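To start, the structure under review is shown below, and the notes come after it.
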There are 2 protein chains.
Amino acid sequence: MTGKKNVSIKDVALRANVSTATVSHVINGTRFVSNETKQKVHFAMNELNFRINSVARSLRSRKSYIIAFLAPILASETSNFYFMSVAAGVQSVLKQRGYHLVLSDSSDNIEVENKEISMFDSQMIDGLIVAPASRDCDYELLFGDYPVVYIDRVPNDCERDSVLIDNKTATKEAIQKILDKGHQRIAFLSGPLSVTTTIERYEGYSETLMSAGLNLDDSLICFGDVSFESGYRNMGDLLERNPTAIFVTDNVMAMGAMAYLQDHSIRIPDQLAVVGFDDFLWTRVTHPPLTVIQQPSFQLGVKTAEVILQRIEDGTSGKQEYRLNANIIVRQSL
Amino acid sequence: MTGKKNVSIKDVALRANVSTATVSHVINGTRFVSNETKQKVHFAMNELNFRINSVARSLRSRKSYIIAFLAPILASETSNFYFMSVAAGVQSVLKQRGYHLVLSDSSDNIEVENKEISMFDSQMIDGLIVAPASRDCDYELLFGDYPVVYIDRVPNDCERDSVLIDNKTATKEAIQKILDKGHQRIAFLSGPLSVTTTIERYEGYSETLMSAGLNLDDSLICFGDVSFESGYRNMGDLLERNPTAIFVTDNVMAMGAMAYLQDHSIRIPDQLAVVGFDDFLWTRVTHPPLTVIQQPSFQLGVKTAEVILQRIEDGTSGKQEYRLNANIIVRQSL
DNA sequence: TTTATTGGAGTAAACGATTACTTACAGTAT
DNA sequence: ATACTGTAAGTAATCGTTTACTCCAATAAA
């Protein structure tokens, strides 16, 4: 297409008067080569401006040094940046170990997700990190012959390693803190129950209320879409039930909720106490700054990358579950 | 490593009693194959659970369907999500056209950037989209034999296509709007002048002030780091020079600045009018909501993806410059 | 002197697809 | 009967590496 013929290891070998094996071994340091010969090879490589063809290398060595990360990352301009932060963590480890990260967006949609997975033919990737769009999907059939690690959430029939946040414990602590402030009517606003994170948070909420001797009031509980608009709208609806506090399990929904409260001049925390999820910078510029559960998103990525690299390099598989703790950052909204 | 031998086109051919050529042509639809034979091949593929090896395919066909995006994306937990939004735009087009996106983080650091570029050996990627860390770098030497498109910024010796925002015009409009409100002491807070975006914005600022007959007051102008903390700190310093308005050219710095103003109970816009950059959701939850220049970040990605795919598919090269307009979103902070 | 050992480097078969070229056969025109 | 045409599919070279073997010469051991 470009007309330029590629310089191969063969050309280098010819130029340096050595064999292709020698060139390869010089490049990879895989066997002893005398300094003299090394020099010749390096010289030839420079002269010809040789660049190794990593595709050919992958084909032969059956290793691509590419890891795919499949999550609802890029859905839209208004989407949650949580997984971006996670991706940053993954990336930081991979880069250090000489791997590349391929990002893939599932849009939190099973069809899209399945199509993406089937696009990762065997040999193309060395491993897959996935935040499953739903618990109800038989992923095992789809995966190729590479290690898979679930991140943030797991499907029902989890047969793989997983790296998760201890959502339940964190939520329990948060709700307890709200209770300690004397609140009884605590609203719960979250995304749908189709992912395990939401379920765990809901369990944390309900179990804490119940063990405090309170009844669950369904009208104070809302499972909406994960979006700013949904947060805004549902905040309005929930307010009519006269809660004195609200717990929002999603960052973007919390933004929407906060926008509603600001637009309607609701005083926080006097009229309504608010606790959100994820400690992104914006939570420091609301009025007042938001109390949140801080998920170690970057660390989640780091841990996951370490787990999958371990599996890749060991050649083992398993279904270890790792849980990372989330902390509460107390600011003025509670 | 796993012990499982891979099913190849050869195995399928054997099973279906046809040649590898036929199997290949069935897979790719590259020549007529009778229905009967097609059936046999599909049947064999299913039975053997055949998955094409895209690495081998790439090697032979010299096409990987991978595009790399190199930008300061994942620098840290507190980094700017602007490029993530851009990446989303790129991704949306690529996915649709059957390409994969590889994200690479430059950390806005020339050394890191160069290392990343040299990692993209020829043949590994079909194209590169890059937001250069600095204007002063001779990128041409580094690039391999693939199309390159600059995004958001360009280096001094730009020899490639570029897709940019019309920063100068947008900034001029914003400053003019601020002037129209009667402000004379307008502070300017931005990142370093090492990238063209900043330069263009600064030019927009200074030219507008000067053509309004005002002198530039250096003490009202600050080029700091691009970070929340820098925004916070420099906001404090600038306030001592008694501006009545401030223009912040970076989203994260603006967050820091807003946090400072809130912590010190500065009334916006009475005591200080504020105009920021980038219309992310958080700008709607500050008190009051922020007036900003809205960069079409997603669209920037879309356009860039289209440009590079065009180059890839045409096999041409060039140095066309595309500029996208940015709009001002007026809210209560001005 | 013969044999073993070792250091340094070459030969060529993979890896799994794509694709230019060839072939086989059937039908048709001469 | 012969040549020609067209249809369907097979053969094998090729992409650029890696790597299991092999090889040769020089030195050490016998």
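Chain letters run A, B, ... following the sequence lines, proteins first, then strands; residues in each count from 1. As the structure is a computational prediction, the values presented were derived from the model and not from experiment.
- Within the structure, a side-chain polar atom (N or O) of S34(B) is placed less than 4.0 Å from OP1 or OP2 of dA9(D).
- Taking atom CZ of residue R31(B) and atom C1' of nucleotide dG10(D), one finds them 7 Å apart after rounding to whole Å.
- Considering only side-chain N and O atoms, T30(B) lies nowhere under 4.0 angstrom from the phosphate OP1 or OP2 of dT18(C).
- In this structure, S19(B) does not reach the dA9(D) phosphate: none of its side-chain N or O atoms is under 4.0 Å from OP1 or OP2.
- Of the residues near DNA chain C, V33(A) and T22(B), the one whose nearest nucleotide (by heavy atom distance) lies more toward the 5' end is V33(A).
- A salt bridge links R153(A) with D108(A): at least one charged nitrogen is closer than 4.0 Å to a carboxylate oxygen.
- The aromatic rings of H100(B) and F120(A) sit parallel to each other, their planes meeting at less than 30°, with 60° as the upper class boundary.
- At the phosphate of dT18(D), OP1 or OP2 sits under 4.0 Å from a side-chain N or O atom of N28(A).
- Classification of E306(B) and R97(B) as a salt-bridged pair fails, no side-chain N sitting under 4.0 Å from a carboxylate O.
- Remark: N6(A) is not in phosphate contact with dC15(D), judged by side-chain N or O atoms under 4.0 Å from OP1 or OP2.
- Checked for salt-bridge contact, E321(B) and R323(B) meet the test: a charged N lies under 4.0 Å from a carboxylate O.
- In the interface, the side chain of R60(A) is not paired with the base of dT17(D) through any donor and acceptor atom under 3.5 Å apart.
- Among the nucleotides dC15(C), dA17(C), dA12(D), the one closest to the side chain of A21(B) is dA12(D).
- Across all strands shown, S58(A) has no heavy atoms under 4.0 Å from either base or sugar-phosphate atoms.
- Applying the 4.0 Å criterion to OP1 and OP2 of dC15(C), one finds that R57(A) has every side-chain N and O outside that range.
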